[in-house]
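Notes for the one structure printed next.
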Amino acid sequence: TLVNTPSNTMTPTAIAQTAQTVCAETGLSCRVLEEDDMRRENMNALLAVTQGAGQPAKFIIMEHKPANALNANDGPIVLVGKGVAFDTGGYSLKTGAGMPGMKGDMTGAAVVIGAMRTVGKLNLPLHVIGLAPSAENVISPDAYKPNDVFVAKNGVSIEIISTDAEGRLLLADALCYADTLKPSAVVDVATLTGGKHLAFGSRIQAIFSNDDALNNALLEAGTQTGEPLWRMPLDSAYDKQLKSVTKAADIKNTGGREGSAITAARFLSYFAGKWPWAHLDIAGSEFYIPGPMYTARSYIPQGATGVSMRLLVAWLRTASQGK
């Protein structure tokens, strides 16, 4: 429902209000950071994306912390979802054909909100925190531009090459924030790259992970729910594509077209702490596309699919059983 709703209605503020309603209904706690809060948190990468927008950005924090949490001594499991309420591409403007459907660029945030709602309704014995940074990426006199440089929450400087590589900037600061929570594991979900869609189409989602156990648990959950994942390399050799040629910053926000899903994951790795982490790239699967690729998922109606929400819940349910 969140993804299907037009972006002039489903603004970052509306997404945050929905999360607050969900939390009130399911007994979760909810905190929403405003832009002034984000400035105090040094979330300059996220703020770069929203600086040209008329709608204010929101950073949504949902928490399920039962007294009987199995991971009480290990740290919370953190889910992170990309919440770009609409993505024009900014000054790196999308094509006319590429613009429709960009209301779905907040699918990652919707997945996290939906997963947290289910965790609360099931009252799983796990400490779980959901983070959903939400903003619009639009053009205005104040919008960020190619060659601008911003410093993320952890001090890594980023040179903007494409303003259409904005979702990873939201995730960068969200992953840094996750690090302050001393997590036991972090999983982020994002409609991140066209490269993933070209490689896999809409049937299979890409997973990148620095931890074999976490990777395998998510693969199994995907198999159980009919939302299959395929592990992709998280190879540091690709970092050379992210180096700033002019040395204006530590890294660039895009490594170009070649291996774009991999370089996007490598970009995120600069902001992931020393904990088990997995990145799910679900680009191109956020809406139902009639055809043979979806015959194994007959329960999906036309419109938004909610892809990866089911597998996250399945993974968490298994973890709550001590498996």
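These numbers come from a predicted model, not from an experiment.
Without hydrogens or angle criteria, Thr318 side chain to Ala314 main chain gives a donor-acceptor distance under 3.5 Å. Of the possible polar contacts, none joining the Thr50 side chain to the Ala53 backbone as a donor-acceptor pair under 3.5 Å is found. Listed for the Asn68 side chain is no donor-acceptor partner under 3.5 Å among the backbone atoms of Pro125. Put simply, the side chain of Asn154 never gets that close to the backbone of Cys176: no donor and acceptor are under 3.5 Å apart. Side chain of Asp37 to main chain of Glu34: a donor-acceptor pair is present (N/O by atom type, distance under 3.5 Å, no hydrogens or angles). Between the Ser157 side chain and the Ala249 main chain, no donor and acceptor come within less than 3.5 Å of each other. Remark: side-chain polar atoms of Ser134 are paired, donor with acceptor, to backbone N or O of Gly83 under 3.5 angstrom. Without hydrogens or angle criteria, Thr88 side chain to Asn137 main chain gives a donor-acceptor distance under 3.5 Å. In this structure, Tyr144 contributes its side chain and Thr163 its backbone to a donor-acceptor pair below 3.5 Å. A donor-acceptor pair is defined here as one N or O able to donate and one able to accept, closer than 3.5 Å; such a pair exists between the side chain of Glu227 and the backbone of Ser308.
In the hydrophobic cluster analysis, where Ile, Leu, Val, Met, Phe, Trp and Tyr join through side-chain heavy atoms closer than 4.5 angstrom, Leu79 is grouped together with Leu219. Two different hydrophobic clusters hold Leu268 and Ile161 under the rule that ILVMFWY side chains link at heavy-atom gaps under 4.5 Å. Leu47 and Val151 fall into different hydrophobic clusters, where Ile, Leu, Val, Met, Phe, Trp and Tyr are joined by side-chain heavy atoms under 4.5 Å apart, directly or via other members.
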From CA spacing to verdict: side-chain contact (heavy atoms from CB on, under 4.5 Å), Arg168, Thr193: CA-CA 10 Å; Arg168 65 197 68 184; Thr193 66; 3.8 Å; yes
Worked verdict on Leu280 versus Val111 for side-chain contact (heavy atoms from CB on, under 4.5 Å): CA-CA 11 Å; Leu280 307 185; Val111 162; over 6 Å; no
Between Ile77 and Ile129, is a side-chain contact (heavy atoms from CB on, under 4.5 Å) present by the stated rule, with each step listed? CA-CA 6 Å; Ile77 294 171; Ile129 297 175; over 6 Å; no
Which is it for Tyr270 and Ile158 under the side-chain contact (heavy atoms from CB on, under 4.5 Å) test, yes or no, and what are the steps along the way? CA-CA 11 Å; Tyr270 280 79; Ile158 305 165; over 6 Å; no
Go through the steps for Trp275 and Asp211 under the test side-chain hydrogen bond (donor to acceptor under 3.5 Å, both in side chains), then give the verdict. CA-CA 8 Å; Trp275 19 258; Asp211 185 87; over 6 Å; no
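Applying the ring-ring contact (aromatic ring centres under 6.0 Å, His included) test to every pair with at least one member in residues 22-70, sequence neighbours left out, gives these pairs: Phe59-Tyr177. Under the ring-ring contact (aromatic ring centres under 6.0 Å, His included) criterion, no residue pair touches residues 156-175, with sequence neighbours excluded. Sorted by first and then second residue, the ring-ring contact (aromatic ring centres under 6.0 Å, His included) pairs with a member in residues 14-53 form an empty list; sequence neighbours excluded. Among residues at least two apart or in separate chains, salt bridge (charged side-chain N to carboxylate O under 4.0 Å, His left out) pairs with a member in residues 87-107 are Lys82-Asp105, Asp87-Lys94, Lys94-Asp164. Identified under the salt bridge (charged side-chain N to carboxylate O under 4.0 Å, His left out) test for residues 231-246, with sequence neighbours left out: Asp212-Arg231, Asp239-Arg266. The stretch residues 134-153 participates, sequence neighbours left out, in these salt bridge (charged side-chain N to carboxylate O under 4.0 Å, His left out) pairs: Glu41-Lys153, Lys145-Asp148. The salt bridge (charged side-chain N to carboxylate O under 4.0 Å, His left out) analysis of residues 244-259, with sequence neighbours excluded, yields no pairs.
Considering every non-hydrogen atom in both Ala319 and Leu70, the closest pair reads O-CD1, 4.0 Å. For the residue pair Ala57 and Pro12, the shortest heavy atom distance occurs at CA-CB, 4.4 Å. Residues Thr263 and Gln241 come closest through the heavy atom pair CG2-NE2, 3.6 Å. Here the closest heavy-atom approach between residue Gly167 and residue Leu192 is recorded as C-CD1, 4.1 Å. Of all heavy-atom pairs spanning Ala174 and Leu131, the tightest one is O-CD1, 3.7 Å. Scanning both residues, Thr254 and Ala165, for their nearest heavy atoms gives CB-CB, 4.3 Å.
Between Met43 and Leu33 there is a side-chain heavy-atom pair separated by less than 4.5 Å. Between Asn216 and Glu220 there is no side-chain heavy-atom pair separated by less than 4.5 Å. Side-chain contact between Arg203 and Pro228: present, with at least one pair of heavy atoms (C-beta onward) separated by less than 4.5 Å. Between Val187 and Leu312, some side-chain heavy-atom pair lies under the 4.5 Å cut-off. Side-chain atoms of Ile113 and Ile15, non-hydrogen and from C-beta on, do get closer than 4.5 Å to each other. Counting only heavy atoms from C-beta outward, the side chains of Val80 and Val78 approach each other to under 4.5 Å. Leu175 is not listed as a side-chain neighbour of Asp179, based on a closest heavy-atom distance of 4.5 Å or more. Taking 4.5 Å as the limit, some side-chain heavy atom of Ile262 sits within range of a side-chain heavy atom of Pro233.
Tested against Cys23, the residues Glu63, Arg117, Met62, Arg31 include a single side-chain contact (heavy atoms from CB on, under 4.5 Å) partner, Met62.
To the nearest 0.5 angstrom, Ile61 atom CD1 is 8.5 Å from Cys30 atom SG. In this structure, Leu46 CG and Gln51 CD are separated by 11.5 Å, a value rounded to the nearest 0.5 Å. Separation of atoms CG (Asn215) and CG (Leu234) is listed at 10.5 Å; rounding is to 0.5 Å. The line from CG of Leu126 to CD of Gln321 is 10.0 Å long, rounded to the nearest 0.5 Å. The distance from the CG atom of Asn71 to the CG atom of Leu124 is 10.5 Å, given to the nearest 0.5 Å.
Between the side chains of Trp277 and Asp188, at least one donor N or O sits under 3.5 Å from an acceptor N or O. A side-chain donor from one of Lys196 and Ser285 sits under 3.5 Å from a side-chain acceptor of the other. Side-chain contact of Asn147 with Glu159: a donor-acceptor pair under 3.5 Å is present, judged by distance alone.
The hydrophobic cluster containing Ile139, built from Ile/Leu/Val/Met/Phe/Trp/Tyr side-chain heavy atoms closer than 4.5 Å, also comprises Phe86, Tyr91, Leu93, Met99, Met102. Cluster note: Val149 groups with no other residue, as no ILVMFWY side-chain heavy atom lies under 4.5 Å from it. Counting Ile, Leu, Val, Met, Phe, Trp and Tyr side chains that sit under 4.5 Å apart, directly or through other members, Val138 stands alone, with no cluster partners. Other residues sharing a hydrophobic cluster with Leu198 under the 4.5 Å side-chain heavy-atom criterion for ILVMFWY residues do not exist; the residue is a singleton.
In terms of the ring pair (Phe, Tyr, Trp, His ring centres under 6.0 Å) criterion, residue partners of Phe267 (sequence neighbours excluded) are, by chain and number, Phe271.
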